[in-house]
Amino acid sequence: MDTIRLAQLLFPDVTETPEQVEARYPARELPEGAKVTRMAPSPTGFMHLGNLFGAVVDERLAHQSGGIFYLRIEDTDKKREVEGGVELILDTFRKFGLPFDEGATVDGDNGAYGPYRQSRRASIYHVFVKQLVERGYAYPCFCTEEELAEMRAQQEANKENFGYYGKYAKYRDCPLEEIESRIANGESYVIRFRSPGSIENKVRHTDLVKGNLELTENDQDIVLLKSDGIPTYHFAHVVDDHLMHTTHVVRGEEWLATLPVHLQLFDVMGWKRPKYVHTAQLMKMDGGSKRKLSKRKDPELALSYYYQQGIPVPAVMEYLMTLLNSNFEEWRRANPDASINDFPFSPKKMSVSGSLFDMEKLRDVSKNVISRMTADEVYDLVSAWSADNDPEFHALFVRSPETTRAFLSIGRGGKKPRKDVAFWSEMKAYMDFLFPELFRPDYSGMPESTADDAKAILTEYQEIYDPADEMSVWFDKIKALADRHGFAPETKLYKKNPEAYKGPVGDVSMVLRVAVCGRTNAPDLYSVMQLMDRGEILRRLSAAAQA
RNA sequence: GGCCCGUUGGUCAAAGGGUUAAGACACCGCCCUUUCACGGCGGUAAUACGAGUUCGAAUCUCGUACGGGUCACCA
């Protein structure tokens with residue numbers, strides 16, 4: 001077989017040599033040990049928690065070592081591509097604070113190793129495929145979809161391995177004359193790899209997460225170039241990561257199955273293999289069993305959903321980090337105010353088995369993250385979130401910024417900050433009673449001990465309430481009120497001698513709290529009342545007395 | 001079905017031949033507290049199973065079971 005003639009027949013327009021292409025991608029000048037990583041998503045218009053999971057690893061690996069983290073768009077499948085997909089990717093990463101050093105932009109490129117969209121790299125792939133054809137490592141295949149399906153059915157029936165290999169590689173040794181006539185006939189074809197491997201052989205590989213692996217060698221003549229001339233992931237991965245000088249390929253463990261293909265391609269091309277970091281999949285509970293997070297089945301794990309729910313970005317990042325490196329939580333306790341980027345991330349500490357996504361844990365992480373924020377930070381974030389997701393609440397939230405900020409300051413800071421809110425979407429329910437528009441009192445929480453006295457307590461309190469009172473004076477008045485109605489003015493007195501009283505002073509203040517806040521749980525009552533309008537408070541006390 | 005990866009409490013996980021098998025979330029109890037939240041103290045709960053190697057196994061080996069992934073002109 002004259003492979004040079006075949007290559008010329010298949011790629012008459014390719015004039016560049018592999019050497020010329022390589023020359024355009026010189027080695028990167030980076031400090032010793034610097035890692036080059038990439039995020040390589042498809043613009044499917046959907047960003048998933050799993051995408052972020054891997055991207056955090058990429059970003060940390062690169063930036064922790066003084067290296068490069070870049071974005072490459074894998075748009076080799078036109079069927080899955082969505083308008084605005086790239087924009088969404090860029091947008092998401094900006095939102096989650098993972099800065100790309102180079103790569104695709106909304107309408108172009110930023111960096112010297114582009115183009116960063118695979119759809120714009122067709123001519124580059126063709127140069128290398130042409131070379132493979134010349135070397136006898138690639139050939140055209142004219143099989144139709146039906147033929148391949150038939151083959152597969154037969155393999156299933158025979159209990160043989162599936163795929164295009166060995167005796168099933170129909171066009172592997174097709175004579176040049178037949179190829180010429182088929183092409184002349186306008187038949188559609190793909191370019192396949194002529195795999196030199198055998199399933200009798202094993203290939204060794206050391207993965208940064210999985211450790212030492214012994215895999216079966218690839219014997220499949222996989223497709224290199226689809227009939228539209230666009231490469232498959234396998235070939236694009238090898239060519240791009242070689243040319244762009246990626247040192248560490250981070251991807252989900254579902255790629256482990258095709259790793260032998262990639263290793264073989266790197267070897268045949270004569271290129272240095274990158275290091276691989278195959279991360280365990282994020283799992284989800286589905287019925288009684290675990291399964292991989294799925295884009296189709298788990299829309300609630302879309303990052304857009306996270307934004308809608310108001311799950312704070314740093315909380316998501318911290319949660320992912322706890323899954324990624326289990327010593328992160330310990331580090332965080334020791335360094336509560338340090339930037340997450342100061343944490344010494346290590347791929348070696350990553351779990352080899354898939355972990356279950358746990359919303360409860362995320363809530364806990366988020367509460368802690370929020371409790372460490374200042375009132376001003378919370379104000380700004382809730383303001384931004386509500387503007388996009390709950391305009392009605394937003395209007396109330398920003399109506400009196402000073403009052404809102406003061407409310408957010410209650411119980412904030414210090415050693416034991418309050419942790420009431422996990423997600424921004426919960427903020428409305430947490431502070432709704434501040435706004436007459438949202439106030440819907442529920443009096444059912446009135447303590448039973450006050451059944452006979454609640455009305456009198458509320459009525460009397462309207463007389464003695466004075467917003468100008470200091471906290472101690474304010475509380476003294478409540479104690480006196482309690483005393484007059486047969487309640488212990490000190491909790492300790494009540495505990496010492498419960499029979500002597502109807503209840504402790506707490507029951508009396510609970511009556512006031514329920515009247516003013518409309519519920520039994522709220523931040524410090526004195527602080528809250530200081531923020532509210534006197535007339536509104538009196539109205540509520542009076543309304544509760546009527547109820 | 002072939003190939004590959006995995007399996008420590010409900011969940012995330014530490015322990016890399018010798019520990020009473022950490023810790024966190026959740027749950028339960030107590031304490032603190034004018035409510036709640038926070039915080040403190042305590043509790044329930046785990047090495048999938050079976051062999052082997054070894055003085056000694058969660059840890060090494062093999063088998064079984066179970067779970068996951070993959071076997072496209074998708075990535």
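Reckoned from all heavy atoms, side chains included, excluding hydrogens, waters and symmetry mates.
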| query | Starting at the 5' end of RNA chain B, which residue's closest nucleotide do you reach first, E74(A) or L525(A)? | reply | L525(A)
| G39(B) pairs with, by Watson-Crick or G-U criteria that keep both distances under 3.5 Å | C31(B)
| Phosphate contact (G23(B) OP1 or OP2) by S326(A) side-chain N/O below 4.0 Å | no
| said: In this structure, how many angstroms lie between the P atom of U34(B) and the CG atom of D483(A), rounded? | reply: 17 Å
| request: Calculate the interatomic distance between L408(A) atom CG and A37(B) atom P; express it in whole Å. | output: 19 Å
| said: Expressed as a whole number of angstroms, how long is the span from R519(A):CZ to A37(B):P? | reply: 13 Å
| note | note: R412(A), atom CZ; C36(B), atom P; distance rounded to Å ~ 20 Å
| message | Side chain of R192(A) only, heavy atoms from C-beta on: which candidate in C73(B), C12(B), U34(B) is closest? | response | C73(B)
| task | Please tell me which of K361(A) and R152(A) maps to the more 5' nucleotide of RNA chain B, matching each residue to the nucleotide holding its nearest heavy atom. | result | K361(A)
| message | Between K78(A) and D228(A), does any side-chain N to carboxylate O distance fall below 4.0 Å? | response | yes
| query | Is any side-chain N or O of S355(A) closer than 4.0 Å to OP1 or OP2 of U11(B)? | reply | no
| task | For R540(A) and G518(A), indicate whether the former's side chain and the latter's backbone hold a donor-acceptor pair under 3.5 Å. | result | no
| request: Look through every strand shown and name the nucleotide pairing with C62(B) as Watson-Crick or G-U wobble, where both distances are under 3.5 Å. | output: G50(B)
| field | Value in whole Å for how far the P atom of A72(B) lies from CZ of R80(A) | value | 15 Å
| task | Run the salt-bridge test on R80(A) and E74(A) with the 4.0 Å N-O cut-off and return the result as yes or no. | result | no
| Hey, is the side chain of K416(A) poking within less than 4.0 Å of OP1 or OP2 on G40(B), counting only N and O atoms? | no
| said: Check this for me: does any side-chain nitrogen of one of K202(A) and E217(A) sit under 4.0 Å from a carboxylate oxygen of the other? | reply: no
| said: Is the positively charged end of R273(A) above the ring of F266(A), judged by distance under 6.0 angstrom from the centroid and angle within 45° of the axis? | reply: no
| message | Whole angstroms only, please: what is the NE2-P distance between H234(A) and A72(B)? | response | 9 Å
| task | Mark this stacking check for Y233(A) against C74(B) as yes or no, applying ring centres under 5.5 Å and ring planes under 30°. | result | no
| remark: The Watson-Crick or G-U wobble partner of A22(B), with both key distances under 3.5 Å, is none
| remark: Applying the 3.5 Å cut-off to both distances, the Watson-Crick or G-U partner of U70(B) turns out to be G2(B)
| query | What about T232(A), does its side chain sit under 3.5 Å from the base of C73(B) through a donor-acceptor pair? | reply | no
| query | Are K79(A) and A72(B) close enough that a side-chain N or O sits under 4.0 Å from OP1 or OP2? | reply | no
| task | Look at K495(A) and C32(B) and indicate whether a side-chain polar atom (N or O) is within less than 4.0 Å of OP1 or OP2. | result | yes
| said: Please check: side-chain N/O of K349(A) versus main-chain N/O of L324(A), any donor-acceptor pairing under 3.5 Å? | reply: no
| message | For a quick test of reading the model: is some side-chain N or O of S353(A) closer than 4.0 Å to OP1 or OP2 of G67(B)? | response | no
| field | Phosphate OP1/OP2 of U35(B): any T520(A) side-chain N/O under 4.0 Å | value | no
| Does the ring of F162(A) lie flat against the base of A72(B), closer than 5.5 Å centre to centre with planes under 30°? | no
| Nucleotide U33(B), atom P - distance to CD1 of I410(A) in whole Å | 21 Å
| field | P-based separation of C12(B) from G52(B) [nearest Å] | value | 32 Å
| Under 4.0 angstrom, heavy atoms only, what part of the nucleic acid is V190(A) near: base, sugar-phosphate, or nothing? | base
| Do the side chain of K210(A) and the main chain of H278(A) share a donor and acceptor less than 3.5 angstrom apart? | no
| remark: K202(A) atom NZ is separated from C3(B) atom P, nearest whole Å, by 8 Å
| query | Quantified in whole Å, what is the P atom distance between nucleotide A57(B) and nucleotide G18(B)? | reply | 11 Å
| task | Provide the Watson-Crick or G-U wobble partner of A57(B), both distances under 3.5 Å; none if there is no partner. | result | none
| field | Closest to the L215(A) side chain, choosing from C4(B), A26(B), A75(B) | value | C4(B)
